[in-house]
> 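The structure's right below; bear with me while I get my questions together.
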Amino acid sequence: MKWKSYEAKWQKKWEKQGVFVPSLDSKKKFFLTIPYPYTSGALHIGHGRTFTLGDIIARFKRHQGYTVLFPMAFHISGSPILSISDKIAKEDVRTIRLYLEYLRIYETPENAEKIITTFTDPKKVAKYFAGKISQDFKSIGYSIDWTREFNTGEERYNKFVEWQYHQLKEKGVLVQGKYPILWSLEVGQPVGEDDIADGDTDKVTITEFNMIKFPFDGEFLVAASLRPETIFGTTNLWVNPKGIYVRTKVDGETWLISREAAEKLRVQGHEVDVSKDFRGREIVGRFAQNPLTGEKLPVLPAHFVDLDNGTGVVYAVPAHAPYDYQALCDLSNHERLGNLVDINQLPVIINIPGYSVPAKEVNELHGIKDQKDSRLEAITKELYKTEFYSGLLNNKCGKFSGLRVSEAKDKVRDKLRKDKVSSTLYETSRKAITRSKNKVVVSVIDDQWFIDYSNKEWKKKGTKWIKRMEIIPEKYRKWFLDTIEWLDKRPCARKRGLGTKFPFDKDWIIEPLSDSTIYMAFYTIAKYLKDLSPDSMKLELFDFVFLGTGSLESVVKTTGIKRDTIETMRKEFLEWYPNDLRHTAPAHVSNHLTFFIMHHIAIFDPKYWPKGISLNEVLIREGVKMSKSKGNVITLAHVAEKYGSDLYRLYVASSAELDAVIDWRERDVQGVSSKLSKFIDIIEKGAKAEEGELELVDEWFLSKFYISLKSATKHMEDLKFRDAIVDLMFKTLNDFKWLERRSKNPFGTVKRILKTWLIALAPVIPHTAEEYWPTLGGEGFASLAPWPSISEKPNISAVTKEEFVRSVLNQVRDISKLADKKPTRVFLYIADKWKYRALEAVIKEKERAMKSVGQFENKEAASKVIQSLIKGRIWEKFSEAVDEEATLKDAIKALEEELGAKVEINSKRDPLKKKDRAMPFRPAIYLE
RNA sequence: GUGGGGGUGGCGGAGUCUGGUCAAACGCGCAGGACUUAAGAUCCUGUGGCUAGUGCCUACAAGGGUUCGAAUCCCUUCCCCCACACCA
């Protein structure tokens, strides 16, 4: 792995000479961004895939003559870094262990112990890892302009984000309203996924129950359900007889619900005043009213009712709910309550093919005997799924009859709400506790700030723009369109975390996905703000720089910033914007990338809207996902030392196309490594060789290379790196092997294309390109060399002839394999002249060549030959006939060597009468 | 649940949009050979079945359909993966 020895040297040279710091006033510019990494730890080779491919794009564009801006910054907004510091401060063992592990990637154990004590300050964590990540990036050879680096905790960035939010407010997309979030009652604080026990593995979401109020002697017995449409099939209400319920005032009415439910309602924006509690059994046997039909419904006891789920009151739909049906069965022998619901006359309200009373039938099928049977859960789910997709509401459902369950659900819910018999209760999707063992419930915040993506005009513009943008691979475009369709109001500020304070209410902090949507613009000016006082970064400054509004004079006056600094900033912005390409992983489509597009649309002039997005899939290792817990992570920091950066880059670029998952397999890495070694070996030998006369095989090799280069250039433009490398590396190396066998002077021949070859691979293996560039007589940095032009025309006839020789060789081999003998003499017979006339006709007329049969003497034979040529689609393989006899005679030595046999062409000797079988490009063969 | 992607050889993966050029690019593995005292590295050859030949048969998750023709288009079923709002 020779490349390891020279990589660091070139990285230093690039940095020292500012090779990747672009100048202004370019003719052709290209502005590439990759989302900045979040600095909570070390990055691994999976993250590196995205940055590496981005870098390859940047480098390729530079070769193509673009002035490329490829900047980088660091994200520190949000709660994770904060909670890391909290945990380290609280001496949480797991966190400390994890971070010591991270630190040891870069530090001696003693230093790691020292540094971790500073990590109680979140900014120190962020700063430390930002430093290390940029060091890692440099070690992989990324061509980043580091002069524009910043992190999102800096004041200049905060000022910029504040400006962004003023803009959003002006555009009317910032709104305030109610919002349900996960909440801890004990702590009185929101809880995030990382606060919840097992929150990472078993996600907790928020579900909406419909609370339906059943009139109950001037009060309401309030039942909660996820299936409002089943209200038409209810026969009774269930309470848990042992459970504790409360009689409470809720929003001015008296409700009977479980104690837990009352607590939840209190934090969900309801006025709750609990007056008295009682056991569920106390109301058993009384009657409530169906709020839709007025029907009398008995209150019955059931043990499956969970007080801490919904309201602790459930309305029974025994024909459709396995639990309800079974609970009725369990009760049927009860002398007083057993006959209040007639189990043989259950109202069926949903028709599904194959069932008459679904719950009854599935229970019987599974042999359910008791409501405590644990299988009921799964059976319920199963039945619900069937009903949801194939069930139709029947004529018991009034105006909803005939609807599918999937449609009826929302319609019935809306009607119940409209009639004020129903409202919403939020519940967690599963029982959850925080890591400090507090119960997680849902609370409703009523002054939450949102970005209103549901705004119709805005959406329309977004959709239209996405249809026009360049999206690579194309298949992700639909995902963008779906996302924008689905996007609704999105909370954009939080009470916790690092980041920019919300400018209109300083108690809030802008949420980390909402503070990173237009910062590509910030790159253009970041370096000029570095030394200015934050106070000078007034709204007017950004207005002027980004929107061109206001006058230079007045901005100078209000900000006190020097006139030419402001002018330069404006110039930088105009120079680089829009962002030509943003490259990242598909996971960001449904949030970040769509916000990125939408915010640009809201704030900037259309000519500055983002032009393109490219995406690459993830990287796994030996078939499994990399994760800290599995201990199979290779960090970016180890790449240079372990594999060398050029090998890493080559593997990442060549082993899968953008939309396929890369599997990092040590064995395959070794394979790629040997290709790279071989390539370097050829360069070294080629550089020393003398160019000589070109023979057929040399012409063939050079021509094949030009064809590959042309195809690879196209692939690079389409970001199909794998295909490009297959052309430039694997196929060309294979061709070279043949050249080595056949040519008198293979290295002299390859020398003619070495510079071209090297630059064509430079985006992928830049260090190797730099190292050998001077050796080959290149000037300046290889990284800045122009992309090779393809002026040389491939010699098609040489290619055809050599391919013909190779195919004859293969044919002889095929036959000797079939004949199962190793020949000592090989006889080749060239096809008769008239068959070449047939070939000519087929090359010219393709499928329609049959009509020329008439021109031949032996029409039957001619028709066979032509048919065969057509079937073989010969015109796609060979574009012209060659003088086969001469070509083979020229190559006779090579053939004899390869075959280890004497080769005779058009010999009189033909004992098996093979000569007649000969066809153009397929001489007849006889072996002895 | 909602939305998206996918199932091809011993393996990773091309090919699918634009049906015929496909027994399947490129790579890995495996087998035989060359080189070597030997191993490794490297190079050559082979790697569905039949066949001294430009062909036939069986294959592209399973089943069905459209078509002269399907891995490719349509339908059904099974299986796998990914993303989903405060998480960066």
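Chain identifiers are assigned alphabetically (A, B, ...) following the order of the sequence lines, protein sequences preceding nucleic acid strands; residue numbering begins at 1 within each chain.
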> The side chain of A/Tyr38 is closest to which nucleotide in this list: B/A52, B/A88, B/G27?
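Ranking B/A52, B/A88, B/G27 by closest atom to the A/Tyr38 side chain puts B/A88 first.
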> Going by the rule ring-ring contact (aromatic ring centres under 6.0 Å, His included), which residues pair with A/Tyr829 if we only count those two or more places apart in sequence or in a different chain?
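None.
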> Looking at residues at least two apart in the chain, or sitting in another chain, which of them share a side chain to side chain donor-acceptor pair (under 3.5 Å) with A/Asp681?
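Only A/Lys685 meet the side chain to side chain donor-acceptor pair (under 3.5 Å) criterion with A/Asp681.
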> Taking salt bridge (Lys or Arg N to Asp or Glu O under 4.0 Å) as the test, write out the residues that go with A/Asp659, two or more places apart.
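A/Asp659 satisfies salt bridge (Lys or Arg N to Asp or Glu O under 4.0 Å) with A/Lys475 only.
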> What N/O pairs connect the protein and nucleotides 79-84 of chain B at under 3.5 Å? Give each pair on its own line.
unit_1, atom_1, unit_2, atom_2, d
B/A83, O2', A/Ser590, OG, 2.8

> Test: ring-ring contact (aromatic ring centres under 6.0 Å, His included). Region: residues 650-682 of chain A. Which pairs qualify, not counting sequence neighbours?
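For residues 650-682 of chain A, and leaving out neighbouring residues, the ring-ring contact (aromatic ring centres under 6.0 Å, His included) pairs sorted by first residue read A/Tyr643-A/Trp664, A/Tyr648-A/Trp664, A/Tyr651-A/Trp664, A/Phe679-A/Trp757.
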> For RNA chain B, what is the dot-bracket line, given that a base pair needs Watson-Crick (N1 to N3, plus N6-O4 or O6-N4) or G-U wobble (N1-O2 and O6-N3) geometry with both distances under 3.5 Å, and | means paired with another strand?
((((((((.[[[..)....(.....]]]((((((.......))))))(((....)))...[[[[[..)....]]]]])))))))....
> Can you name the ring-ring contact (aromatic ring centres under 6.0 Å, His included) partners of A/His715, sequence neighbours left out?
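Counting only residues at least two positions away or on another chain, A/His715 forms no ring-ring contact (aromatic ring centres under 6.0 Å, His included).
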> Taking only N/O atoms, report every protein-nucleotides 5-8 of chain B pair under 3.5 Å with atom names and distance.
none

> Please classify the nucleic acid contact of A/His592 as base, sugar-phosphate, or nothing, using heavy-atom distances under 4.0 Å.
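Result for A/His592 = nothing.
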> Under 3.5 Å, which donor-acceptor pairs link side chains of residues 479-488 of chain A to any protein atom two or more places apart or in another chain?
unit_1, atom_1, unit_2, atom_2, d
A/Asp482, OD2, A/Lys478, NZ, 3.2
A/Thr483, OG1, A/Trp479, O, 2.7

> Go along nucleotides 43-50 of chain B 5' to 3' and tag each nucleotide: B for a protein heavy atom under 4.0 Å from its base, S when only backbone or sugar atoms are that close, - otherwise.
SSSSS---
> Using the ring-ring contact (aromatic ring centres under 6.0 Å, His included) criterion, which residues pair with A/Phe730? Sequence neighbours excluded.
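Expected list: none.
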> Please classify the nucleic acid contact of A/Lys731 as base, sugar-phosphate, or nothing, using heavy-atom distances under 4.0 Å.
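Result for A/Lys731 = sugar-phosphate.
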> Find which nucleotide of RNA chain B each of A/Tyr829 and A/Ser674 is nearest to by heavy atoms, and output the residue with the more 5' nucleotide.
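Residue closer to the 5' terminus by nearest nucleotide: A/Ser674.
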> Applying side chain to side chain donor-acceptor pair (under 3.5 Å), can you list everything that pairs with A/Lys625, at least two apart in sequence or on another chain?
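Scan of A/Lys625 (side chain to side chain donor-acceptor pair (under 3.5 Å), adjacent residues dropped) gives none.
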> Using a heavy-atom cut-off of under 4.0 Å over every strand shown, decide if A/Ala924 touches base, sugar-phosphate, or nothing.
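The residue A/Ala924 makes base contact.
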